[in-house]
Amino acid sequence: MSVLRPRNRLVNFRLSEDEFELLRDSCEMFGARSISDFARTSVLDRLARKPEENTATPAASPVGQLGNKVAELEMRVGQILNLLQATQEGSAEPVETAVTVGVATSGHMRDIY
(Lines give C-alpha, C1' and ligand atoms only; values in the text may rest on other atoms or scores of the structure.)
Protein backbone atom coordinates (compact mmCIF):
# COMPACT_ATOMS: atom_id res chain seq x y z
CA MET A 1 0.00 0.00 0.00
CA SER A 2 1.36 3.41 -0.89
CA VAL A 3 1.94 6.23 1.56
CA LEU A 4 -0.85 8.16 -0.19
CA ARG A 5 -3.39 5.69 1.25
CA PRO A 6 -2.34 4.99 4.83
CA ARG A 7 -4.10 2.29 6.81
CA ASN A 8 -5.89 4.27 9.46
CA ARG A 9 -9.08 2.25 10.00
CA LEU A 10 -9.26 -0.34 12.75
CA VAL A 11 -11.26 -3.58 12.76
CA ASN A 12 -11.47 -5.45 16.06
CA PHE A 13 -12.91 -8.87 16.88
CA ARG A 14 -12.59 -11.43 19.67
CA LEU A 15 -11.39 -15.03 19.39
CA SER A 16 -11.44 -17.98 21.72
CA GLU A 17 -8.05 -19.30 22.86
CA ASP A 18 -8.33 -22.20 20.39
CA GLU A 19 -9.24 -19.88 17.52
CA PHE A 20 -6.31 -17.61 18.35
CA GLU A 21 -3.87 -20.54 18.41
CA LEU A 22 -5.20 -21.70 15.03
CA LEU A 23 -4.81 -18.17 13.67
CA ARG A 24 -1.27 -17.85 15.01
CA ASP A 25 -0.27 -21.26 13.63
CA SER A 26 -1.82 -20.41 10.26
CA CYS A 27 0.19 -17.18 10.14
CA GLU A 28 3.39 -19.17 10.58
CA MET A 29 2.33 -21.83 8.09
CA PHE A 30 1.53 -19.27 5.39
CA GLY A 31 4.52 -17.05 6.19
CA ALA A 32 2.54 -13.95 7.13
CA ARG A 33 4.50 -11.06 8.62
CA SER A 34 2.00 -10.71 11.45
CA ILE A 35 -1.45 -11.78 12.61
CA SER A 36 -2.78 -8.43 11.43
CA ASP A 37 -1.26 -8.92 7.97
CA PHE A 38 -2.69 -12.44 7.71
CA ALA A 39 -6.18 -11.43 8.90
CA ARG A 40 -6.28 -8.38 6.59
CA THR A 41 -5.13 -10.39 3.56
CA SER A 42 -7.60 -13.20 4.29
CA VAL A 43 -10.55 -10.85 4.67
CA LEU A 44 -9.65 -8.81 1.59
CA ASP A 45 -9.16 -11.98 -0.47
CA ARG A 46 -12.64 -13.12 0.58
CA LEU A 47 -14.13 -9.75 -0.34
CA ALA A 48 -12.45 -9.82 -3.76
CA ARG A 49 -14.25 -13.06 -4.71
CA LYS A 50 -17.41 -13.08 -6.78
CA PRO A 51 -20.56 -13.00 -4.63
CA GLU A 52 -21.59 -16.52 -5.71
CA GLU A 53 -18.22 -17.84 -4.48
CA ASN A 54 -18.89 -16.34 -1.04
CA THR A 55 -22.46 -17.59 -0.59
CA ALA A 56 -21.64 -21.28 -0.13
CA THR A 57 -19.86 -22.11 3.07
CA PRO A 58 -16.91 -24.27 1.99
CA ALA A 59 -16.61 -25.85 5.44
CA ALA A 60 -20.19 -27.16 5.18
CA SER A 61 -19.41 -29.37 2.18
CA PRO A 62 -17.63 -32.72 2.57
CA VAL A 63 -14.73 -31.36 0.51
CA GLY A 64 -14.56 -28.29 2.75
CA GLN A 65 -14.58 -30.48 5.84
CA LEU A 66 -11.76 -32.55 4.37
CA GLY A 67 -9.85 -29.34 3.63
CA ASN A 68 -10.26 -28.27 7.25
CA LYS A 69 -8.98 -31.64 8.45
CA VAL A 70 -5.98 -31.41 6.12
CA ALA A 71 -5.23 -27.87 7.35
CA GLU A 72 -5.39 -29.08 10.96
CA LEU A 73 -3.13 -32.02 10.11
CA GLU A 74 -0.64 -29.66 8.43
CA MET A 75 -0.63 -27.49 11.54
CA ARG A 76 -0.01 -30.49 13.79
CA VAL A 77 2.79 -31.83 11.56
CA GLY A 78 4.40 -28.38 11.64
CA GLN A 79 4.20 -28.35 15.44
CA ILE A 80 5.74 -31.82 15.63
CA LEU A 81 8.55 -30.78 13.27
CA ASN A 82 9.24 -27.68 15.37
CA LEU A 83 9.40 -29.79 18.53
CA LEU A 84 11.65 -32.32 16.83
CA GLN A 85 14.00 -29.59 15.63
CA ALA A 86 14.10 -28.03 19.09
CA THR A 87 14.99 -31.34 20.74
CA GLN A 88 17.62 -32.19 18.12
CA GLU A 89 19.50 -28.86 18.27
CA GLY A 90 23.08 -29.55 19.23
CA SER A 91 22.73 -33.23 18.35
CA ALA A 92 25.40 -34.84 16.18
CA GLU A 93 22.77 -36.45 13.96
CA PRO A 94 20.94 -34.17 11.49
CA VAL A 95 17.15 -34.36 11.44
CA GLU A 96 15.28 -34.50 8.14
CA THR A 97 12.40 -32.01 8.35
CA ALA A 98 11.28 -31.64 4.75
CA VAL A 99 7.63 -32.58 4.42
CA THR A 100 5.47 -32.00 1.39
CA VAL A 101 1.72 -31.99 1.75
CA GLY A 102 -0.41 -31.37 -1.31
CA VAL A 103 -3.78 -29.70 -0.83
CA ALA A 104 -6.48 -29.48 -3.46
CA THR A 105 -7.95 -26.00 -3.60
CA SER A 106 -10.49 -25.07 -6.27
CA GLY A 107 -9.41 -27.98 -8.43
CA HIS A 108 -5.71 -27.13 -8.21
CA MET A 109 -2.97 -28.74 -6.15
CA ARG A 110 -0.61 -26.60 -4.15
CA ASP A 111 2.27 -27.58 -1.90
CA ILE A 112 2.17 -26.39 1.69
CA TYR A 113 5.61 -27.54 2.90
Side-chain angles (χ1 to χ4, degrees):
M1 172 157 285
S2 73
V3 178
L4 299 176
R5 294 184 54 116
R7 292 185 175 121
N8 57 3
R9 302 297 294 191
L10 178 65
V11 176
N12 190 9
F13 57 94
R14 296 184 183 277
L15 299 172
S16 69
E17 191 63 36
D18 291 340
E19 291 169 330
F20 182 77
E21 287 179 29
L22 180 61
L23 177 61
R24 186 182 59 223
D25 292 340
S26 295
C27 288
E28 290 179 23
M29 182 170 52
F30 287 99
R33 294 178 300 166
S34 64
I35 290 175
S36 178
D37 180 50
F38 181 77
R40 178 179 42 255
T41 302
S42 298
V43 169
L44 293 176
D45 285 350
R46 176 79 182 245
L47 293 175
R49 293 183 198 159
K50 296 175 187 171
E52 60 271 12
E53 292 175 346
N54 285 329
T55 55
T57 305
S61 72
V63 174
Q65 291 173 356
L66 180 60
N68 289 344
K69 297 280 185 188
V70 169
E72 183 178 345
L73 180 60
E74 291 168 346
M75 179 186 69
R76 301 288 183 202
V77 168
Q79 290 172 339
I80 291 169
L81 290 173
N82 287 339
L83 288 171
L84 186 59
Q85 285 176 335
T87 59
Q88 294 296 325
E89 286 181 1
S91 171
E93 298 179 25
V95 177
E96 178 61 42
T97 59
V99 174
T100 301
V101 178
V103 179
T105 57
S106 304
H108 302 288
M109 287 295 288
R110 65 181 174 88
D111 289 335
I112 301 300
Y113 297 102

- How long is the gap from CD1 on Ile80 to CG on Leu73, to the nearest 0.5 Å? 8.5 Å

- Message: Before you tell me yes or no, could you show the steps for Ile35 and Phe20 under side chain to side chain contact (heavy atoms under 4.5 Å, CB included), namely the whole-Å CA-CA distance, both residues' side-chain angles and the distance that decides it to 0.1 Å?
- Response: CA-CA 10 Å; Ile35 290 175; Phe20 182 77; 3.6 Å; yes

- Reported CZ-to-OG distance for the pair Arg7 and Ser36, which is rounded to 0.5 angstrom: 8.0 Å

- Quick one: pull up CZ in Arg24 and CG in Leu22 and give me the separation to the nearest 0.5 Å. 10.0 Å

- Query: Between the main-chain N or O of Ser16 and the side-chain N or O of Glu19, is there a donor-acceptor pair closer than 3.5 Å?
  - Reply: yes

- Task: Please confirm whether the backbone N or O of Phe38 pairs with a side-chain atom of Thr41, one donor and one acceptor, at under 3.5 Å?
- Result: no

- Note on the structure: Sorted by chain and residue number, the salt bridge (charged side-chain N to carboxylate O under 4.0 Å, His left out) partners of Arg40 (sequence neighbours excluded) come out as Asp37

- Out of curiosity, Asp25 CG to Glu72 CD, how far, rounded to the nearest 0.5 Å? 10.5 Å

- Message: Distance check, rounded to the nearest 0.5 Å: Phe30 atom CZ versus Glu74 atom CD?
- Response: 7.0 Å

- Query: What is the minimum heavy-atom distance between Ser34 and Cys27, and which atoms define it?
  - Reply: O-SG, 4.0 Å

- Met75 and Met29 have their tightest heavy-atom pair at N-SD, 4.5 Å

